Amino acid sequence: MVVIGAKGHAIEILDVLHYNKFEGKLSFFDNVSPDKPMDPINKYMLIRTEEELKQEFKADPNFILGTGNPRLRKKLSDFCQGIGGELFSLISNQAYISPLGVSLEPGLNIMHGVKIQPMVSIGEGSLINAGTIIHHQSVIGSFCEIGPGCMITGNVRIGNNSFLGTGVKVLPGITIGENVVIAGGTVVTRDIPSNVMIAGVPGVEKKKLP
Ligand SMILES: CC(C)(COP(=O)(O)OP(=O)(O)OC[C@H]1O[C@@H](n2cnc3c(N)ncnc32)[C@H](O)[C@@H]1OP(=O)(O)O)[C@@H](O)C(=O)NCCC(=O)NCCS
């Protein structure tokens, strides 16, 4: 198993793997940071090049996305799958996933303390960070990042590649577009179109995004 990334979020991924008692071979991939990885990632094999990663995937194609940032997660996922990797979901044993009609696509990171309530669906490659609660029938798109401690109430829809910062609250039935950035602490009280950044309580549009 290779974790793609070797910084902050990768440490949290390692913590979930430990908690879940993962016992296979584990390595980390980082081809951008010049510095050595920090403790405790420095105890594991570090893969630095595309060629080494390709070789590693021949032995075990599974990889876990170990970074935040929706666009980066999508880019790294495409890159790894293009050289023989298979996107793997990591779900903390300390998360609650309702047995009632939940649909989870591959490549998720569902971190400690998350609660996924009935009939929720989550698209490929999304990160649901620690302590977030997603209530009934909400739909999260692919490659979203939902920050720690968010409260997504019932029947909410969030488009692909959207980012919700720490502690965002989304009121029931709200639709959020694609490629949206919602600042930490925002309370979303109205529908949000695609490609905007919003912030505040209640959340207001601060700028358009490319
Ligand atoms: C939204 C965020 C990414 C900044 O984006 P940005 O494009 O750099 O935004 P800027 O700093 O240019 O701010 C734009 C406006 O939004 C406001 N703003 C930014 N973050 C805000 C927040 N959390 N709450 C309220 N207003 C906020 C700024 O004051 C500014 O307002 P103004 O135009 O009226 O002066 C950042 O503020 C944020 O909230 N990050 C969340 C980080 C996080 O929780 N990550 C999870 C890690 S696990």
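When a residue number appears, it is its place in the shown sequence, counting from 1. In each ligand, atom 1 is the first atom listed, and ligand 1 is the first ligand listed. Owing to the predicted nature of the structure, the values given are computational and were not obtained by experimental measurement. For the numbers below, each heavy atom of this structure counts, side chains included, while hydrogens, waters and symmetry mates do not.
A donor-acceptor distance shorter than 3.5 angstrom exists from the side chain of N179 to the backbone of P210, with no hydrogens or angles considered. With hydrogens and angles disregarded, a donor-acceptor distance shorter than 3.5 Å links the side chain of S98 to the backbone of L100. One N or O on the side chain of N20 and one on the backbone of I91 form a donor-acceptor pair closer than 3.5 Å. Side-chain atoms of T153 come within 3.5 Å of backbone N or O of V170 as a donor-acceptor pair. Put simply, the side chain of R157 never gets that close to the backbone of I176: no donor and acceptor are under 3.5 Å apart. Looking at S142, its side chain never comes within 3.5 Å of a backbone N or O of N160 through a donor-acceptor pair.
Distances between N or O atoms of K207 and those of ligand 1 include at least one value under 3.5 Å. The shortest N/O to N/O separation between T186 and ligand 1 does not fall below 3.5 Å.
Sparse packing is recorded around CZ of R190, with 12 or fewer heavy atoms of other residues, nucleotides or ligands lying under 6.0 Å away.
Among protein heavy atoms, the minimum distance from atom 21 (C) of ligand 1 is reached at A183 CB, 3.5 Å. For atom 5 (O) of ligand 1, the closest non-hydrogen atom on the protein side is M197 CE, 4.1 Å. Of the protein's non-hydrogen atoms, the one nearest atom 45 (N) of ligand 1 is F163 CZ, 3.7 Å. For atom 15 (C) of ligand 1, the nearest non-hydrogen atom of the protein is K206 CD, 3.7 Å. Counting protein heavy atoms only, atom 3 (C) of ligand 1 is closest to V181 CG1, 4.3 Å. Given atom 43 (C) of ligand 1, the protein heavy atom at minimum distance is T166 OG1, 3.6 Å.
The closest approach between a heavy atom of G147 and any atom of ligand 1 is not below 4.0 Å.
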Under the side-chain contact (heavy atoms from CB on, under 4.5 Å) rule, what do L164 and I158 come out as? Steps first, then yes or no, please.
CA-CA 10 Å; L164 275 62; I158 300 179; 4.0 Å; yes
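Shown here, atom 35 (O) of ligand 1 is out of close reach of the protein: none of its heavy atoms lies under 4.0 Å off. Contact annotation for atom 28 (C) of ligand 1: protein absent (non-hydrogen atoms, distance under 4.0 Å).
At a heavy-atom cutoff of 4.0 Å, ligand 1 is contacted by the side chain of N129 but not by its backbone.
Here the CG atom belonging to N69 is positioned 10.0 Å from the NZ atom belonging to K75, to the nearest 0.5 angstrom.
Atom 24 (N) of ligand 1 has its nearest heavy-atom neighbour, among G184, G149, G185, in G184. When the heavy-atom distances from atom 25 (C) of ligand 1 to G203, P148, A199 are ranked, the shortest goes to A199.
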